[in-house]
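Bear in mind that the values here come from a model prediction, so they are computed numbers and not experimental data.
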Amino acid sequence: MDTLGERLRYARKKNGYTQDSLAGTIGVSRGVIFNLEKNKTTPQTIVVNSICQTLKIDKDWLINGTGEMNFSSDNEKQAIVDEIAELIKNMSVKELRILLTIANSLSS
């Protein structure tokens with residue numbers, strides 16, 4: 001499997017998802033999945049992270065074809081951190097302070 005699209009299609013089918021069901025699960029249109037599988041577009045980080053979490057696959061494997069397909073708990077943790085980092089880019093200072101308060105309360 002030489003391309004992201006080929007790897008995505010393989011992992012999707014192996015996990016029993018159709019393009020529609022995967023798209024619905026991660027909150028994108030079927031066209032997004034179709035275009036990724038046909039290598040017509042470059043995926044956004046948040047989409048890659050959602051795909052990897054849903055299909056339980058390693059991000060490096062999906063993007064670059066390196067390593068093992070299934071991810072470890074360390075990789076899952078990093079994928080979550082990456083997704084949070086992507087989400088907070090557009091937050092206001094007020095929203096970030098609220099998020100920080102929540103994070104601090106969870107870590108206590």
Side-chain angles (χ1 to χ4, degrees):
M1 289 176 275
D2 295 329
T3 67
L4 181 145
E6 291 172 332
R7 289 185 292 275
L8 173 57
R9 183 170 190 233
Y10 174 80
R12 174 181 59 76
K13 288 186 169 196
K14 185 171 189 219
N15 284 280
Y17 284 88
T18 64
Q19 288 181 344
D20 283 326
S21 64
L22 179 59
T25 300
I26 67 169
V28 298
S29 70
R30 179 188 165 275
V32 170
I33 304 301
F34 175 84
N35 286 332
L36 290 174
E37 289 186 2
K38 297 294 182 184
N39 298 299
K40 292 184 176 188
T41 186
T42 302
Q44 296 177 332
T45 301
I46 195 166
V47 173
V48 168
N49 290 340
S50 294
I51 288 169
C52 290
Q53 287 175 343
T54 299
L55 299 180
K56 307 257 188 275
I57 58 174
D58 183 77
K59 185 176 175 180
D60 288 332
W61 177 83
L62 178 62
I63 294 172
N64 304 313
T66 57
E68 298 294 319
M69 181 175 89
N70 296 319
F71 63 62
S72 68
S73 60
D74 287 342
N75 291 346
E76 181 176 14
K77 185 176 181 179
Q78 186 59 51
I80 293 168
V81 168
D82 291 347
E83 187 169 355
I84 290 169
E86 188 72 23
L87 290 171
I88 65 173
K89 287 180 182 178
N90 297 319
M91 288 185 176
S92 68
V93 172
K94 182 179 178 181
E95 292 169 327
L96 289 169
R97 289 188 191 284
I98 292 168
L99 184 59
L100 182 59
T101 300
I102 293 168
N104 282 330
S105 70
L106 291 172
S107 65
S108 298

Trainee: So which atom in I88 and which in A85 form the shortest heavy-atom distance, rounded to 0.1 Å?
Mentor: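 Taking I88 first and A85 second, the nearest heavy atoms are CG1-O, 3.3 Å.
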Trainee: Taking atom CZ of R30 and atom OG of S21, what is their separation to the nearest 0.5 Å?
Mentor: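 Reported to 0.5 Å precision, the distance equals 11.0 Å.
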Trainee: Counting only heavy atoms from other residues, nucleotides and ligands, does the tally under 6.0 Å from CD of Q44 exceed 12?
Mentor: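 It does not: Q44 CD has 12 such atoms or fewer within range.
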Trainee: How many angstroms lie between atom CG of N15 and atom CD1 of I57, to the nearest 0.5 angstrom?
Mentor: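 Rounded to the nearest 0.5 Å, the CG-CD1 separation comes out at 7.5 Å.
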Trainee: Any chain of hydrophobic side-chain contacts (each under 4.5 Å) joining I84 to I46?
Mentor: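 In one cluster: no.
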Trainee: Could you walk me through whether T45 and K59 pass the side chain to side chain contact (heavy atoms under 4.5 Å, CB included) check?
Mentor: CA-CA 10 Å; T45 301; K59 185 176 175 180; 4.0 Å; yes
Trainee: Check the hydrophobic clustering (I, L, V, M, F, W, Y; side-chain heavy atoms under 4.5 Å; chains of links allowed) and say if L96 and V81 are grouped together.
Mentor: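 L96 and V81: separate clusters.
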Trainee: Between N64 (side chain) and T66 (backbone), is there a donor-acceptor pair under 3.5 Å?
Mentor: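 Judged by distance alone, no pair lies under 3.5 Å.
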Trainee: Do N39 and T3 have side-chain atoms, one donor and one acceptor, less than 3.5 Å apart?
Mentor: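 Looking only at side-chain atoms, T3 and N39 do form a donor-acceptor pair, the distance falling under 3.5 Å.
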Trainee: Please check: side-chain N/O of S105 versus main-chain N/O of I102, any donor-acceptor pairing under 3.5 Å?
Mentor: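 A pair under 3.5 Å: yes.
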Trainee: Taking atom CD of E68 as the centre, does the number of heavy atoms from other residues, nucleotides or ligands within less than 6.0 Å exceed 12?
Mentor: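 No, not enclosed.
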Trainee: Let me check something: do L87 and I51 share a hydrophobic cluster, defined by ILVMFWY side-chain heavy atoms less than 4.5 Å apart, either directly or through other members?
Mentor: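 Yes, L87 connects to I51 through the hydrophobic network.
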Trainee: Between D2 and R7, is there a side-chain N and carboxylate O pair less than 4.0 Å apart?
Mentor: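 Not counted as a salt bridge, because no side-chain N and carboxylate O are separated by less than 4.0 Å.
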Trainee: Are M69 and K14 side-chain neighbours, meaning at least one heavy-atom pair lies under 4.5 Å?
Mentor: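 When only atoms from C-beta onward are counted, K14 and M69 do touch, with a gap below 4.5 Å.
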Trainee: Between CH2 of W61 and CG of N70, what distance do you get to the nearest 0.5 Å?
Mentor: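 These two atoms lie 8.5 Å from each other.
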Trainee: Using every non-hydrogen atom in the two residues, find where K40 and F34 come nearest and quote the distance to one decimal.
Mentor: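 Reported closest heavy-atom pair: NZ-CE2, 4.2 Å.
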Trainee: Working to the nearest 0.5 angstrom, can you tell me the gap between N90 CG and E86 CD?
Mentor: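 If I round to the nearest 0.5 Å, the distance is 8.0 Å.
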Trainee: Would a 4.5 Å heavy-atom cut-off, applied to side chains only, mark I80 and Q53 as touching?
Mentor: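 When only atoms from C-beta onward are counted, Q53 and I80 do touch, with a gap below 4.5 Å.
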Trainee: Rounded to the nearest 0.5 Å, what separation is found between the CG atom of L8 and the CG atom of L55?
Mentor: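 That separation rounds to 7.0 Å.
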Trainee: Give a yes or no answer on whether the side chain of E95 reaches the backbone of S92 with a donor-acceptor pair at less than 3.5 Å.
Mentor: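 Looks like yes, one N/O pair under 3.5 Å.
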Trainee: Tell me, with the steps shown, if T54 and Y17 meet side chain to side chain contact (heavy atoms under 4.5 Å, CB included).
Mentor: CA-CA 10 Å; T54 299; Y17 284 88; 3.3 Å; yes
Trainee: Taking salt bridge (Lys or Arg N to Asp or Glu O under 4.0 Å) as the test, write out the residues that go with K94, two or more places apart.
Mentor: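 By the salt bridge (Lys or Arg N to Asp or Glu O under 4.0 Å) rule, K94 matches no residue at all.
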Trainee: Check whether any side-chain heavy atom of V32 lies under 4.5 Å from a side-chain heavy atom of I26, and answer yes or no.
Mentor: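 A side-chain contact under 4.5 Å is absent here.
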Trainee: From L36 CG over to R12 CZ, what is the distance, rounded to the nearest 0.5 angstrom?
Mentor: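 Taking CG in L36 and CZ in R12, the distance rounds to 11.0 Å.
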Trainee: Start with the C-alpha distance between D58 and C52, add both sets of side-chain angles, then the distance that settles side chain to side chain contact (heavy atoms under 4.5 Å, CB included), and finish with yes or no.
Mentor: CA-CA 6 Å; D58 183 77; C52 290; over 6 Å; no
